[in-house]
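Notes follow the structure.
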Amino acid sequence: MILPYELIAIAVFLFTYALIIDERIHRTVAAMAGAAIVVALQIVPWDEIPVYLDLGTIFLLMGMMIIVNTARLSGLFEYIAIRTAKFAKGSPLRVLILFSVLTALVSAFLDNVTTVLLITPMILYLAQVMEQNPVPFLLAEIFSSNIGGTATLIGDPPNIMIGSASGLTFNEFILNMGPIAAVDMAVVLLMLYLIYGRTLRVHPEKKSTIHAALEGLDEKAAIKDRVLFNKSVIVIAGVIVAFFLHSYIGLEPALVALIGAAAILIWTRQPPDEILEKVEWPALFFFGGLFIVVGALVQTGVISQLASFVVANVHTTGESILIIAWFAAFASAVVDNIPLTATLIPLIKDLGGAMEIYPLWWALSLGACLGGNGSAIGASANVVVLGIAERGRIKISFMEFLKIGMLILVVTVAVGVGILWIRYVGF
Amino acid sequence: MPFVSGSSNDYQSGDLTPIRTGENNMSYYRALIERKFRDLAGSRYEQILNEYRDFIPSEEELQVAPVKSILVLLDFFSGELPGEVSGLLSTYHAPVTLVYLIDDQVLRVVSDSLGRDTGARFLEREEDRARELLKSTCALVEEAGSSCRSLVRTGTKGDEAQAQAQAQTSGLLVLGKKFGMTAGDNGDISPMVLRLQKAAPCPVLIY
């Protein structure tokens, strides 16, 4: 028997989900409206809001946004993109591989949306210069961004949420998800080569023109402020080192990001009002609203009942890994992986009383991050790259994306689940 | 529009075939991607594109303008054509015409003040100088890979230069910055060059 408050919490949750998927109303507004309803109806009591509002996630995102937006003013990311373009020497295959690796590496440490926003213009330019179909390069960028984000605690919002909720360290993420991401990257590049390899060639006569165009790119011109550039590199390197050490020095990942943000603002003397203006506040409010909407499900006991159902029907850790990874993967392809992760985190926490949940966090991370590759709307990076492609009159239809995306999803999740299985279940 | 949209071809996934675009019937999918893109990226993409524009040339900028012939005007003041300029001219794959202009007003002053014989000798010396300069410059231009022809003209320099530029229907006019300099001019660039630049019917390259 479902109680009225449970019913309202479920209805608000589903309605908010539907609005987020459809996005006719801004996702942030949808999440905040949902949160306002459950708080106004006292399904989530006012005093309980701090319990559900995951400040670890919000502050980590905020800190990284401040660092990235300050560093961006120096031209650091454009500099890296130009250096990579020159290193590729006009070979389409090298461009595909190098930019995929670059995207994966940057995505592992910065948010995926910023990464693809910064790299896509360069990829489109290179495709244009090489007179290549840009689609393989854009798809490679999307898949690499989602795979790269899987590797670290700060790489993808689902991982940030998982890390904050579970208390897993940065190094644990690297050790568990890093190898999966590395193997998946190699597999995806091989798949893309098999699918598009025959088109990744340039006519020998075009090579000198391409070479001249690439030589015309001046990476030094990209650096707008040399001092800021150097300081940004040092702060970002310091923050990454601090993430590796955070469990030893007793700092929360969110605190590392906030200290990094404070350090770069103090050291570079950039006007804080301008930098803070660039923080993606809608994204942060979206997370806040979402945590409250999911909190309503926890508060009313819906999640506990769901967890009891899972516990009654799932008996081993191996089964749980399979179910969570594959469910999260396919569900992430349909709904955005952020609300999905927000929903599954309390469920996994509730399972903690009945089974070993440590491997389940990796299964969730795997499914939520790699599941984003499944469809055009599965992850933020997909939407942003496809939106840019649309502006460049490059058509990637929903079905075209779905065909290759689902193939990538199945293969990469299977590889990841296989590695987790070997590690935590054994033969 | 962002520079990427300047692409001359439209592509679809799976092949290299350009496709027709511009249909009004935006599908639900496209509208959904557009809504989500707007909400996720906001105005950040436009800002990033603007930053890229500072150092990535647009497609239009990458195209070398079609130039069918090049006119290089030379005189006593313009001096030799620098090697970099002749190299640059060769990228247009267009024939180069070198015209050396001798100012008849100067000749008149010399003849009037120093006598007709001296004026004739002055003209002879000027023509020798012109032929020598044209010969070496032509060799330089041909060495860079362009075909070259040359001639010496005498007349009122400003009018003659303008007439040459119009008559040749050149795609590119090339001038040294000291071309047409007089004793009274003391700027870095001669006023005649500035006048020709304004009046020229084609792009002007000043070295």
Side-chain angles (χ1 to χ4, degrees), chain A residues 21-24 26-28 72 75 77-78 81-82 113-114 117-118 120-122 124-125 127-129 131-136 138-139 199 213 216-219 221-222 224 278 280 282-283 336 376-377 380 382-384 386-401 404, chain B residues 1-64 87-88 90-91 93 145:
Chain A
I21 294 171
D22 183 66
E23 202 104 21
R24 267 176 223 276
H26 196 298
R27 54 170 51 199
T28 304
R72 204 160 71 73
F77 303 110
E78 290 88 346
I82 293 176
V113 170
T114 305
L117 276 172
L118 288 163
T120 308
M122 181 54 81
L124 289 174
Y125 171 73
Q128 188 181 313
V129 168
E131 294 183 10
Q132 291 282 306
N133 178 4
V135 172
L138 295 176
L139 291 177
T199 67
L217 293 175
D218 184 4
E219 64 268 34
K224 296 184 195 80
K278 291 187 173 82
E280 293 102 69
D336 193 302
I377 55 165
S380 302
N382 312 13
V383 171
V384 171
L386 295 177
I388 295 172
E390 183 71 35
R391 278 159 172 73
R393 296 187 297 169
I394 299 156
K395 301 280 176 279
I396 304 175
S397 74
F398 189 86
M399 289 311 292
E400 285 286 350
F401 190 97
I404 189 163
Chain B
M1 291 289 278
F3 70 86
V4 292
S5 67
S7 169
S8 54
N9 288 332
D10 300 329
Y11 291 98
Q12 59 187 356
S13 49
D15 64 21
L16 292 166
T17 316
I19 58 165
R20 287 176 184 281
T21 55
E23 305 90 348
N24 292 325
N25 55 337
M26 183 184 260
S27 65
Y28 173 79
Y29 159 71
R30 287 173 65 190
L32 177 64
I33 293 290
E34 181 54 33
R35 286 198 295 274
K36 285 184 176 288
F37 176 84
R38 201 181 50 231
D39 288 352
L40 279 166
S43 60
R44 278 192 290 164
Y45 179 59
E46 276 66 34
Q47 287 167 13
I48 288 168
L49 270 185
N50 278 334
E51 285 159 16
Y52 266 109
R53 272 201 197 98
D54 290 345
F55 51 89
I56 289 187
S58 66
E59 193 188 18
E60 290 75 21
E61 287 166 338
L62 277 174
Q63 301 295 327
V64 177
L88 177 70
S90 70
T91 60
H93 305 294

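Letters A, B, ... are given to chains in the order of the sequence lines, protein chains preceding strands, and every chain is numbered from 1. Keep in mind that the numbers below use all heavy atoms, side chains included, and drop hydrogens, waters and symmetry copies.
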For this session: To the nearest 0.5 angstrom, please state how far the CZ atom of A:Phe77 sits from the CD1 atom of B:Ile48.
Result: 10.0 Å
Problem set entry | Engaged part of A:Ala376 at the chain B interface, taking heavy atoms whose separation is under 4.5 Å | both
Seminar exercise, completed: Max heavy-atom pairs within cutoff under 4.5 Å with chain B, candidates A:Ile404, A:Leu386, A:Asn382, goes to A:Leu386
Exercise. With a 4.5 Å heavy-atom cut-off, do B:Phe37 and A:Arg391 have their side chains touching?
Worked result: yes
For this session: Would you give the length of the straight line joining atom CG of B:Leu49 to atom OG1 of A:Thr120, rounded to the nearest 0.5 angstrom?
Result: 10.0 Å
Exercise. Picking from A:Arg27, A:Arg72, A:Arg24, which has the most non-hydrogen pairs under 4.5 angstrom with chain B?
Worked result: A:Arg24
Exercise. Between A:Glu280 and chain B, which part of the residue has a heavy atom less than 4.5 Å away: side chain, backbone, both or neither?
Worked result: side chain
Exercise. Non-hydrogen atoms of chain B under 4.5 Å away: do they reach the side chain of A:Asp22, the backbone, both or neither?
Worked result: both
Seminar exercise, completed: Given the options B:Arg35, B:Lys36, B:Arg38, A:Glu23 meets salt bridge (Lys or Arg N to Asp or Glu O under 4.0 Å) only with B:Lys36
Exercise. Which pair of non-hydrogen atoms, one from A:Gly387 and one from B:Ile33, has the smallest distance, and what is that distance?
Worked result: N-CG2, 3.8 Å
For this session: Measure A:Ala389 against the heavy atoms of chain B and call it side chain, backbone, both or neither at under 4.5 Å.
Result: neither
Problem set entry | Approximate separation, where rounding is to 0.5 Å, of B:Glu34 CD and A:Glu390 CD | 7.0 Å
Exercise. Side chain, backbone, both or neither: which part of A:Thr28 has a non-hydrogen atom closer than 4.5 Å to chain B?
Worked result: neither
Problem set entry | Contacting moiety of A:Ile21, where chain B heavy atoms sit under 4.5 Å | backbone
For this session: Could you tell me which non-hydrogen atom of A:Ile396 sits nearest to which non-hydrogen atom of B:Tyr29, and how far apart they are?
Result: O-OH, 2.9 Å
